[in-house]
Amino acid sequence: MLPAILVLLPALLTQGAPAIASAPALTVTRVLTAHTAAAKLESVGWFGVHSNGAMALFTPETHAVQLYGADGKRGAMVLLADDGPPIKGPTAGWVGDTLWVASLAARKIYLLPPHGSEFNSRSSPAVMVLPSDEPVEPEGTLTLPLRVMGMLGDGSLLVSKMMPAVDTAMPAWRRPARSRIGYAKVTSDGVLREWLAWVPPVTRCRPAPNIPPLFCNVPWAAVSSDGRFAASVASSISGSDSGSFRVIAIDSRGDTTFDRAYGYAATPIPRSVIDSARESTLTDMRKTAPRLADSAERVYQRSMVTVFPPFAGVLVGRDGTVWIAERPTAVGRTWVELDPHGAIVGRITVGGTVHLRAVSRSEVWGLDARDRAPVSIVAYRVAAP
């Protein structure tokens, strides 16, 4: 099940907001290392952890899902499909104890029942079907692909697609001002059951039309692997609310579990880094679009971000915890944990080659992608100091 991702309100109320710099350091102990056959991080199409600790990893090269026990012991490798187009960037998760994998290209959902030895497949809906009493969508949005994001126990699906701006049934703070990618609940045949919400847009990033942004500050959103919780994070690096960010978390009913503002310490971008990024971008543009490069140079001279975007991602645990990734540094990758009510729990730092993929209050899992070595699954126990 996939809950709605809430749209971020335009202003952040930061007076008295807690600062994540105050988050205490948590104790981190590596408790698991399991080697995989993936040669590099990009070879892993998807990685997830079940509520019982069992793990699954999909690699497009093998066209199969490798199963692992909670202890990291390698289990069966189950072929996803032996025909059809390559499956790249699938969505996946669990509905109960059944593992599902959805392929947008193949228009199929593959289901692996508990203790099963092979996937069963079913068609996924190609387009959305509107009930007769639903407002008409903007022209063309019906034919856009439906990307399966989750499954419900009754077989209905949660999908992402272009969302209309005419749905007046939503509260104003959830209703998009214009058509955007949004989430909806549909039947297994694609019949719309309910619009849920729309994904926060990237704003104030591109300095001018057709000019590539540098140091883009984007919002982040994530859903727990069982779909019970979701959260969105948006930070401000300029204006009256600069140095603040907001986190909105909800449960599978669409109810807000917390909605809080926080403060962060902005890190100035060294002039040498700005100059290097600008020149690298302009050099590439001069090779492919010389006239546009001249315009971009003028734009960059009069408008340039001066502080680093503070965050690099967010993960949501099945227990409702929210983990926010700070910008990676030479020290490693630091994550700040919020409890299910939005209180700051603490922070952990893992090595720069470790990319967390699943989280909970007491344990986190990730992929360790070291140079010249296969990717490893790693798990860490997290505790108060």
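Numbering of residues begins at 1 and proceeds along the displayed sequence.
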Short side-chain donor-acceptor distance under 3.5 Å, Thr334 and Thr349 | yes
Side chain to side chain contact (heavy atoms under 4.5 Å, CB included) partner of Tyr262, the single match among Val336, Ile344, Val233 | Ile344
Heavy-atom nearest pair, Ala222 first then Leu315, reads CB-CA, 4.1 Å
Rounded to the nearest 0.5 Å, the OG atom of Ser123 sits from the CZ atom of Arg107 at a distance of 10.5 Å
Minimal heavy-atom distance between Ala369 and Val375, with the atoms involved, is CB-CG2, 4.3 Å
Quick one: are Phe308 and Asn217 in side-chain contact, heavy atoms under 4.5 Å?
-> no
Over 12 non-hydrogen atoms of neighbours within 6.0 angstrom of CZ in Arg381 = no
Asp189 and Thr187: side-chain donor and acceptor closer than 3.5 Å?
-> no
Listed partners of Glu118 passing salt bridge (charged side-chain N to carboxylate O under 4.0 Å, His left out), at least two apart = none
Is there side-chain contact between Tyr110 and Asn120, with heavy atoms separated by less than 4.5 Å?
-> no
Are any non-hydrogen side-chain atoms of Ser103 and Pro90 less than 4.5 angstrom apart?
-> no
Kindly write out the residues that satisfy side-chain hydrogen bond (donor to acceptor under 3.5 Å, both in side chains) with Tyr68, not counting sequence neighbours, or none if the list is empty.
-> none
Check: Asp368/Thr353 side-chain N/O donor and acceptor closer than 3.5 Å | yes
Set of side-chain hydrogen bond (donor to acceptor under 3.5 Å, both in side chains) partners for Ser295, sequence neighbours left out | Arg298
Pro113 to Thr98 - nearest heavy-atom pair and separation | CA-OG1, 4.0 Å
How far apart are the closest heavy atoms of Val49 and Met55, and which atoms are they?
-> CG2-CG, 3.9 Å
For the residue pair His50 and Trp94, categorise the inter-ring angle as parallel (less than 30°), tilted (30 to 60°) or perpendicular (more than 60°).
-> perpendicular
With Arg333, which residues qualify under salt bridge (charged side-chain N to carboxylate O under 4.0 Å, His left out), at least two apart?
-> none
Test salt bridge (charged side-chain N to carboxylate O under 4.0 Å, His left out) applied to Arg318 - qualifying residues, sequence neighbours left out = none
How would you list, by chain and number, every residue that makes a salt bridge (charged side-chain N to carboxylate O under 4.0 Å, His left out) with Asp275, sequence neighbours excluded?
-> Arg271, Arg278
